[in-house]
Asks: 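There's a structure below that I have some questions on.
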Amino acid sequence: MRFSQFGLTTLKEVPADAEIVSHKLMLRAGLIRRLASGLFTWMPLGLRVLRKVEKVVREEMDRAGALELLMPAVQPSELWEESGRWDQYGPLLLRMHDRHEREYCFGPTHEEVITDIARRELRSYKQLPVNFYQIQTKFRDEIRPRFGVMRSREFIMKDAYSFDIDHTGLEASYGRMHDAYSAIFERLGLKFRIVDADSGEIGGSRSQEFHVLADSGEDAIAYCDADDYASNIETAATMAPDADRPVPAAELEKFPTPGVKTIDDLCEMLGITPAQTVKTLIVEGTDGPVALILRGDHELNAVKAQKIPGVASPLTMADNATINKATGSEAGSLGPVGMPLPLFFDHAVAGLADFSCGANEAGFHFKGVNFGRDLPEPETFDLRNVVAGDPTPGGTGTLSIARGIEVGHIFQLGTKYSEAMGATVQAPDGRNQVMEMGCYGIGITRIVGAAIEQNHDDDGIIWPGPLAPFDVVLVPINMHRSDEVRDAAETLYAELTDQGHEVLFDDRDARPGVKFADAELVGIPHRLVISDRNLAAGELEYRHRRDAESRNLKREEALKLLKESSVS
RNA sequence: CGGGGCAUGGCGCAGUCUGGUAGCGCAUCUGCUUUGGGAGCAGAGGGUCGGCGGUUCGAAUCCGUCUGCCCCGACCA
């Protein structure tokens with residue numbers, strides 16, 4: 001491709017709305033352009049990268065025996081009513097109707113459609129196992145699209161769905177996808193980690209996420225190198241403290257705390273640490289508001305809390321009016337002592353003695369609070385996020401926390417959809433049996449952003465080889481003044497293209513600095529500079545995007561090097 | 001959904017407080033010079049200042065309203 005004909009516009013300055021590096025670089029390098037909130041056009045350069053991701057994903061899915069098909073993006077509401085998700089899914093689902101006022105949605109995922117296909121097409125256990133996949137555009141009406149392509153509303157996803165006769169079969173299908181996903185992210189050259197996950201809206205039992213590690217990731221991952229444990233922080237379990245509670249030493253005392261609204265305020269006034277306090281959060285319960293009690297330095301984990309019987313799901317914080325009505329006090333002065341609501345204590349709170357908390361009277365707190373005297377012995381729950389240093393569930397090590405970008409998610413769905421939609425096949429014994437399903441997603445568009453988060457420097461993108469939009473960039477110096485340079489560049493361009501290289505030929509009449517800067521911004525792995533200077537010696541100047549320095553190579557050596565690198 | 005902020009040429013911004021008919025840098029086009037790390041000079045094109053309504057002799061600027069966008073937030077108990 002000749003640069004002059006590629007319609008590529010790079011930017012020196014970044015649009016002000018870009019927050020993270022990948023978003024900035026994608027805009028600067030001309031990969032994407034924004035249309036509206038969470039909606040992006042993939043420009044020619046960006047589309048080349050997207051196709052590379054698709055290629056790797058497709059090859060590995062095919063290798064794993066999955067069958068590609070393509071389902072409609074627009075889906076009738078009836079299917080979603082069958083599965084029960086038309087009412088459950090909420091505002092994330094973009095709904096619309098046609099001229100006959102029939103209701104549809106733009107698919108955020110395709111369990112319903114594929115289950116419908118399966119129940120129509122699959123008759124016998126002999127047709128199983130089978131795994132269908134597609135690479136297709138989804139739409140999810142995110143509350144807050146951000147970070148460019150990382151959390152957009154319209155995005156491209158590879159989604160696959162397996163059907164098995166029984167749970168053993170499902171586990172085998174799931175295992176094949178687990179391995180295929182690992183192979184995909186290996187091939188893409190990304191550093192990733194597989195973690196246990198919550199199955200969320202999709203439902204089902206076992207589920208794991210594939211995270212590309214990056215500090216800008218929206219997810220926190222808890223992991224332990226001692227025993228291979230890794231989990232999304234949403235689901236990482238905390239253990240009840242096994243050490244005995246200290247013996248109470250203090251008397252219960254109520255004291256005035258004017259202006260104290262936060263744990264930090266309280267700590268400052270008393271000269272204590274947040275771990276010696278308790279905070280009380282009022283949330284909606286299944287039967288009126290309830291109180292969740294956490295240690296002052298711990299964070300509530302909404303995913304875990306909303307699974308506790310008696311707590312409303314999704315977790316909803318009570319507003320101030322509700323709090324005032326239910327407690328007779330106000331936010332900032334709440335505590336478990338004398339609280340008229342159902343109390344849910346976190347495990348860690350039960351390990352405290354002589355702690356401080358609100359007194360349920362505006363402007364007053366308690367100190368020296370103790371269980372068994374001021375409060376009954378608590379029943380405790382897992383309510384909080386794990387923190388670095390917590391013991392692993394296996395008990396063999398302690399947890400570390402890293403940040404990640406979720407690029408893949410695999411689920412064992414079981415019979416959730418097949419049961420609801422009557423997807424059965426005839427089993428060997430002649431009876432109709434509900435199929436066991438798995439579903440497996442990869443965020444194709446998100447991978448592009450994630451790859452940049454992990455592979456860039458101050459000058460721009462550094463594409464891993466398999467993702468690069470071009471593998472070689474030719475930079476002729478002063479081509480428009482030197483016939484020698486022009487001839488050499490044209491010949492090289494033709495030759496490399498013939499050899500199957502994807503070459504970006506910077507034939508613009510621009511100064512060298514401009515070309516170098518663009519080549520680095522765009523991140524093409526191999527750069528060859530053609531100039532009078534090195535042409536006289538029969539040489540080309542070679543530099544890999546990752547190298548600090550360039551080196552002069554004989555023309556044949558350079559060609560050989562490129563040939564070898566494209567094989568690996 | 002709650003809170004904050006922004007909206008001026010393709011991009012980044014100034015001008016708004018204190019009303020007087022729009023400016024800078026980058027990008028684009030022309031010419032000359034320059035040519036190994038985002039060139040210089042000279043010139044040019046391009047903006048109903050997000051929409052609507054109001055105040056005023058006069059509105060980018062003041063007032064009202066709507067829309068769009070960005071950031072923060074379920075951590076305040």
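Below, chain A is the first sequence line, B the second, and so on; all start at residue 1.
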Asks: Separation of A:Leu27 atom CG from B:C70 atom C1', in whole Å?
Replies: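 Roughly 13 Å, once rounded to whole Å.
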Asks: With both distances under 3.5 angstrom, what nucleotide forms a Watson-Crick or G-U wobble pair with B:U21?
Replies: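 None - no nucleotide pairs with B:U21, as no candidate has both distances under 3.5 Å.
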Asks: Base, sugar-phosphate or nothing for A:Arg508? Non-hydrogen atoms, less than 4.0 Å.
Replies: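 Result for A:Arg508 = nothing.
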Asks: How would you label the contact of A:Asn478 with the nucleic acid (heavy atoms, under 4.0 Å): base, sugar-phosphate, or nothing?
Replies: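 Result for A:Asn478 = base.
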Asks: Within a 6.0 Å radius of atom CD on A:Glu268, are there more than 12 heavy atoms belonging to other residues, nucleotides or ligands?
Replies: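 No, the 6.0 Å shell around CD holds no more than 12 heavy atoms from other groups.
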Asks: Using the six-membered ring of A:Trp80, assess whether NZ or CZ of A:Arg95 lies under 6.0 Å from its centre and within 45 degrees of the ring axis.
Replies: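 No, A:Arg95 does not lie over the aromatic ring of A:Trp80.
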Asks: Checking side-chain polar atoms at under 3.5 Å, does A:Ser329 have a donor or acceptor matched by the opposite partner on A:Ser333?
Replies: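 A:Ser329 vs A:Ser333: no donor-acceptor pair found between side chains.
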Asks: To the nearest angstrom, how far is A:Leu35 atom CG from B:G68 atom P?
Replies: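 Value for this atom pair: 14 Å.
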Asks: From the set B:G12, B:G36, B:C70, return the single nucleotide nearest to any side-chain atom of A:Ser37.
Replies: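 My answer, after comparing the listed nucleotides, is B:C70.
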Asks: When the distance from NE2 of A:His23 to P of B:C11 is rounded to whole Å, what number comes out?
Replies: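 In whole Å, B:C11 P lies 13 Å from A:His23 NE2.
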Asks: Atom CZ of A:Phe147 and atom C1' of B:C70: how far apart are they, to the nearest Å?
Replies: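 Atom CZ in A:Phe147 sits about 12 Å away from atom C1' in B:C70.
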Asks: Look through every strand shown and name the nucleotide pairing with B:A14 as Watson-Crick or G-U wobble, where both distances are under 3.5 Å.
Replies: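 Answer to the pairing question: none, since B:A14 forms no Watson-Crick or G-U pair.
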Asks: If you measure from the C1' atom in B:G23 to the same atom in B:C49, how many Å do you get, rounded?
Replies: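 About 12 Å, rounded to a whole number of Å.
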Asks: Looking at every strand, decide which applies to A:Arg146 at a 4.0 Å heavy-atom threshold: base, sugar-phosphate, or nothing.
Replies: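 Sugar-phosphate only.
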Asks: Cationic tip of A:Lys367 within the cone over A:Phe255's six-membered ring, i.e. under 6.0 Å and within 45° of the normal?
Replies: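 Yes.
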Asks: Checking side-chain polar atoms at under 3.5 Å, does A:Thr257 have a donor or acceptor matched by the opposite partner on A:His365?
Replies: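 Judged by distance alone, the side chains do pair up.
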Asks: Could you tell me how far B:G20 sits from B:G15 if I compare only their P atoms? Round to whole Å.
Replies: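 Result for the P pair: 14 Å, nearest Å.
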Asks: Quote, to the nearest angstrom, the P distance that separates B:U18 from B:U28.
Replies: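 Rounded to whole Å, the distance is 41 Å.
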Asks: Between B:G45 and B:U30, how far apart are the two C1' atoms, rounded to whole Å?
Replies: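 Approximately 10 Å lies between the C1' atom of B:G45 and that of B:U30.
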Asks: Using purine N1 to pyrimidine N3 plus N6-O4 or O6-N4 for Watson-Crick, or N1-O2 and O6-N3 for G-U wobble, both under 3.5 Å, which nucleotide pairs with B:G46?
Replies: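 Across any shown strand, B:G46 pairs with none.
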Asks: By the 4.0 Å heavy-atom rule, please label A:Arg543 as base, sugar-phosphate, or nothing.
Replies: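 Answer is base: heavy atoms of A:Arg543 come under 4.0 Å of a base.
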Asks: Output a table of nitrogen or oxygen pairs between the protein and nucleotides 74-76 of chain B separated by less than 3.5 Å.
Replies:
unit_1, atom_1, unit_2, atom_2, d
B:C75, O2, A:Lys279, NZ, 2.6
B:C75, N3, A:Leu300, N, 3.0
B:C75, N4, A:Leu300, N, 2.9
B:C75, N4, A:Leu300, O, 2.2
B:C76, O3', A:Lys261, O, 3.2
B:C76, O2', A:Lys261, O, 3.4

Asks: When we call it a touch if two heavy atoms are under 4.0 Å apart, what does A:Glu19 touch: a base, just sugar-phosphate, or nothing?
Replies: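 Counting heavy atoms under 4.0 Å across all strands, the contact made by A:Glu19 is with sugar-phosphate only.
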Asks: What nucleic acid atoms does A:Ser329 come within less than 4.0 Å of, heavy atoms only: base, sugar-phosphate, or nothing?
Replies: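 Nothing, no heavy atom under 4.0 Å.
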Asks: Write down the distance separating the P atoms in B:A60 and B:U48, rounded off to the nearest Å.
Replies: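 Pairwise P distance, B:A60 against B:U48, rounds to 12 Å.
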Asks: Using the P atom in both, what is the distance from B:U65 to B:A22, to the nearest Å?
Replies: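 Roughly 30 Å separates the two P atoms.
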Asks: Heavy-atom nearest nucleotide on RNA chain B for A:Pro145 versus A:Ala517: which residue maps closer to 5'?
Replies: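 Nearer the 5' end of the strand: A:Ala517.
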Asks: Rounded to whole angstrom, note down the P distance from B:G2 over to B:G12.
Replies: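 Roughly 28 Å separates the two P atoms.
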Asks: Scan every strand shown for a Watson-Crick or G-U wobble partner of B:C62, both distances under 3.5 Å, and answer none if you come up empty.
Replies: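 For B:C62, the partner nucleotide comes out as B:G54, under the 3.5 Å rule.
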Asks: Given atom CG of A:Leu535 and atom P of B:G36, what is their separation to the nearest angstrom?
Replies: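 After rounding, the gap between these two atoms is 15 Å.
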Asks: So which nucleotide does B:G73 pair with, by the Watson-Crick or G-U wobble rule with both distances under 3.5 Å?
Replies: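 Per the H-bond distance test, B:C1.
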Asks: Verify the distance criterion only: is there a donor paired with an acceptor across the side chains of A:Asn360 and A:Thr327 at less than 3.5 Å?
Replies: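 A:Thr327 and A:Asn360 do not have a side-chain donor-acceptor pair below 3.5 Å.
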Asks: Any donor-acceptor pair under 3.5 Å joining the side chain of A:Arg527 to the base of B:G37?
Replies: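 For A:Arg527, whose side chain was compared with the base of B:G37, there is a donor-acceptor pair (under 3.5 Å).
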Asks: Does any donor atom in the side chain of A:His501 or A:Asp471 lie under 3.5 Å from an acceptor atom in the other side chain?
Replies: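 Short answer, yes.
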Asks: To the side chain of A:Thr10, which of B:G38, B:G12, B:C69 is closest?
Replies: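 Comparing B:G38, B:G12, B:C69 against the side chain of A:Thr10, the answer is B:G38.
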Asks: Between A:Phe470 and A:Phe505 (judged by ring centroids, cut-off 6.0 Å), do the two rings come close enough to count as a pair?
Replies: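 No; A:Phe505 has its ring centre 6.0 Å or more from that of A:Phe470.
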Asks: According to a strict under-4.0 Å criterion, is A:Thr9 in side-chain N/O contact with OP1 or OP2 of B:A27?
Replies: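 For B:A27, OP1/OP2 do not have a side-chain N/O of A:Thr9 under 4.0 Å.
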Asks: Under 4.0 Å: is that the gap between some side-chain N or O of A:Arg511 and OP1 or OP2 of B:G38?
Replies: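 Checking A:Arg511 against B:G38: no side-chain N or O falls below 4.0 Å of OP1 or OP2.
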Asks: So A:Val14, base contact, sugar-phosphate only, or nothing? Heavy-atom distance under 4.0 Å.
Replies: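 A:Val14: backbone/sugar contact only, no base atoms under 4.0 Å.
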Asks: Would you classify A:Asn534 as touching base, sugar-phosphate or nothing, given that sugar-phosphate means primed atoms plus P, OP1 and OP2, and contacts are heavy atoms under 4.0 Å?
Replies: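 The residue A:Asn534 makes base contact.
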Asks: Using the closest heavy atom to pick a nucleotide of RNA chain B for each, name whichever of A:Ile323 or A:Pro15 lands nearer the 5' end.
Replies: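 Going by which nucleotide is closer to the 5' end, it is A:Pro15.
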Asks: Does B:C6 have a Watson-Crick or wobble partner in any strand here, with both distances under 3.5 angstrom, and which is it?
Replies: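 The base-pairing partner of B:C6, which may sit in any strand shown, is B:G68.
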Asks: Just one of A:Arg511, A:Arg508, A:Arg527 clears the salt bridge (Lys or Arg N to Asp or Glu O under 4.0 Å) bar with A:Asp518, so which one?
Replies: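 Among the candidates, only A:Arg508 passes.
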Asks: Check the distance between B:C32's P and A:Arg481's CZ and give it to me in whole angstrom.
Replies: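 Result: 15 Å.
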Asks: Across all strands shown, which nucleotide pairs with B:C41 by Watson-Crick or G-U wobble geometry, both distances under 3.5 Å?
Replies: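 When the pairing criteria are applied, B:G31 turns out to be the nucleotide that pairs with B:C41.
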Asks: Checking all strands, does A:Thr280 fall into the base, sugar-phosphate, or nothing category for heavy-atom contacts under 4.0 angstrom?
Replies: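 Touches a base.
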Asks: CG of A:Leu474 versus P of B:G36: gap in Å, rounded?
Replies: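 About 19 Å, once rounded to whole Å.
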Asks: State whether a side-chain donor-acceptor pair under 3.5 Å links A:Asn232 with A:Thr235.
Replies: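 There is no such pair between these side chains.
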Asks: Which one, B:C11, B:G37, B:A27, comes nearest to the side chain of A:Glu520?
Replies: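 Nearest to the side-chain atoms of A:Glu520, counting from C-beta on, is B:G37.
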Asks: Could you check which of B:G38, B:G12, B:U35 has an atom nearest any side-chain atom of A:Val514?
Replies: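 Out of B:G38, B:G12, B:U35, the nucleotide with an atom closest to A:Val514's side chain is B:G38.
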Asks: Do A:Asn478 and A:Asp532 have side-chain atoms, one donor and one acceptor, less than 3.5 Å apart?
Replies: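 There is no such pair (donor and acceptor under 3.5 Å, judged by atom type) between the side chains of A:Asn478 and A:Asp532.
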Asks: Distance between the C1' atoms of B:G51 and B:G46, in whole angstroms?
Replies: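 The answer is 22 Å between these two C1' atoms.
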Asks: Is A:Arg384 touching bases, backbone alone, or none of the nucleic acid, heavy atoms closer than 4.0 Å?
Replies: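 Touches nothing.
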